[in-house]
Amino acid sequence: MTCDLPKLRGTKEQLEAFYRALVPCLERAWHPVLTQVGEPRIPVSVNADDVGNTACGPPPPPDEASGFYCSDGTTIFVPLPRQLDDGGPYLLDQLFLLAHEYGHHVQEQSGILSKHDVLYGEAGGDQPKILELSRRLELQADCFSAMFLASAAGRGSIGAGMISQLRQSTFEDSDTHGSAKSAALWQKRGLTAKDTSACNTFAAPANEVS
């Protein structure tokens, strides 16, 4: 996959231009996979506004997520203030973030997200089970994100060095998104994956989605 992207800058207009170029690249990457299993090509939009509410409800707190996906309206939200924290947008962070949120779109299109919702309902308010389901969903999106970057690195605007930078990434423990150890594990699997089955977090033992 070759992605030709504009220079990443810190204004809303420049960030949106970057996102508008990256999303079609993500679509091209995932289209063959979804087509193979008979799923339609559903476009996704990107919103960089600092919204107070969405069709899916209020956004998660900034310290929990730099961006988020809403299946109602198929929109990736990347609020501008969250992208400007810590000195402004950083290329690898933005690539991984958008590819992660697009991973949730893939989950929506393929039925994974709806199955997650069924399992959520069956959990009956059991908080440990609900948190584990959240981690399985988020770690799978991490794995999908890494798969995309591995397919795009070394061509176009995404340099080959991005993979080594990604391998050196550090993570923070999160009850909803996974421990640092689990995040590193699924990122590594995504980088070396030959097909999407490598990212099947829902079939993984509990200690791999801690």
Side-chain angles (χ1 to χ4, degrees), residues 1-31 34 41-109 138 141-172 174 177 183 187 190-191:
M1 178 54 56
T2 299
C3 300
D4 292 315
L5 307 171
K7 203 84 168 177
L8 184 60
R9 293 284 189 260
T11 70
K12 183 172 183 289
E13 293 74 19
Q14 290 164 329
L15 269 175
E16 286 177 333
F18 180 83
Y19 299 145
R20 282 197 300 270
L22 179 55
V23 166
C25 193
L26 285 157
E27 288 179 338
R28 291 195 304 274
W30 281 105
H31 181 57
L34 292 168
R41 188 172 191 173
I42 302 172
V44 65
S45 59
V46 180
N47 187 327
D49 295 328
D50 191 19
V51 296
N53 203 7
T54 74
C56 297
D63 61 351
E64 192 174 296
S66 296
F68 48 96
Y69 173 75
C70 177
S71 57
D72 291 343
T74 55
T75 301
I76 294 171
F77 290 91
V78 277
L80 180 64
R82 304 188 189 199
Q83 313 319 313
L84 300 183
D85 282 348
D86 301 320
Y90 174 55
L91 180 58
L92 181 58
D93 289 346
Q94 292 296 313
L95 290 170
F96 193 83
L97 171 62
L98 259 289
H100 171 98
E101 299 307 334
Y102 197 89
H104 287 313
H105 182 56
V106 172
Q107 291 170 330
E108 164 67 15
Q109 286 190 255
E138 297 296 342
D142 279 353
C143 189
F144 285 166
S145 179
M147 277 190 74
F148 166 75
L149 288 173
S151 75
R155 289 172 290 279
S157 304
I158 303 177
M162 287 290 171
I163 298 302
S164 59
Q165 289 181 48
L166 197 59
R167 290 183 189 279
Q168 295 167 21
S169 299
T170 57
F171 305 91
E172 295 182 1
S174 168
H177 286 59
Q187 177 182 278
L191 289 174

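All heavy atoms count here, side chains included; hydrogens, waters and symmetry mates do not.
- Of all the heavy atoms in Ala150 and Arg155, the pair that sits closest is O-NH2, 4.2 Å.
- Scanning all heavy atoms of the two residues, the minimum distance from Glu108 to Ser71 falls at OE1-CB, 3.5 Å.
- Of the possible donor and acceptor atoms, one in the side chain of Asn47 sits under 3.5 Å from a partner among the backbone N and O of Asp49.
- At a cut-off of 3.5 Å, with distance as the only test, a side-chain donor of His105 or Gln109 sits close to an acceptor on the other residue.
- Put simply, the side chain of Gln83 never gets that close to the backbone of Pro89: no donor and acceptor are under 3.5 Å apart.
- The CZ atom of Phe18 sits 5.0 Å away from the CG atom of Leu5 when rounded to the nearest 0.5 Å.
- Judged by distance alone, the side chains of His100 and Glu138 do bring a donor and an acceptor atom under 3.5 Å apart.
- The closest side-chain heavy-atom distance from Leu98 to Phe148 is not below 4.5 Å.
- Formation of a donor-acceptor pair under 3.5 Å by the Thr2 side chain with backbone atoms of Gly156 is not found in this model.
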Legend entry - Check against side chain to side chain contact (heavy atoms under 4.5 Å, CB included), Asp142 and His177: CA-CA 9 Å; Asp142 279 353; His177 286 59; 6.0 Å; no
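- A donor-acceptor pair under 3.5 Å is absent between the side-chain atoms of Arg82 and the main chain of Gly67, judged by distance alone.
- A pairwise comparison of heavy atoms in Arg20 and Pro24 identifies O-CD, 2.8 Å as the closest pair.
- Scanning all heavy atoms of the two residues, the minimum distance from Thr75 to Ser45 falls at OG1-OG, 3.1 Å.
- In this structure, CG on Asn53 lies 9.5 Å from SG on Cys70, to the nearest 0.5 angstrom.
- Rounding to the nearest 0.5 Å gives a distance of 9.5 Å between CD of Gln94 and CG of Leu22.
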Legend entry - Pair Thr74-Tyr69, side chain to side chain contact (heavy atoms under 4.5 Å, CB included): steps then yes or no: CA-CA 7 Å; Thr74 55; Tyr69 173 75; 3.6 Å; yes
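- One distance of note links CE of Met162 with CG of Leu149; it measures 8.5 Å at 0.5 Å rounding.
- The CG atom of Leu8 sits 11.0 Å away from atom OH of Tyr90, with the distance rounded to the nearest 0.5 Å.
- Between Glu27 and Pro43, the shortest heavy-atom contact is OE2-CA, 3.5 Å.
- Closest of all the heavy-atom pairs between Pro60 and Ala65 is CG-CB, 3.8 Å.
- Thr54 places a side-chain N or O within donor-acceptor distance of the main-chain N or O of Gly57, the cut-off being under 3.5 Å.
- Ring to ring, Trp30 and Phe144 are close: their centroids are under 6.0 angstrom apart.
- Taking CG from Leu92 and CG from Leu97, the interatomic distance works out to 11.0 Å, rounded to the nearest 0.5 Å.
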Inset, instruction - Evaluate the side chain to side chain contact (heavy atoms under 4.5 Å, CB included) criterion for residues Phe68 and His104: first the C-alpha distance (whole Å), next the side-chain angles of each, then the deciding distance (0.1 Å), finally the verdict. - result: CA-CA 9 Å; Phe68 48 96; His104 287 313; over 6 Å; no
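- Taking the side chain as every heavy atom from C-beta outward, Leu15 and Val78 never approach each other to under 4.5 Å.
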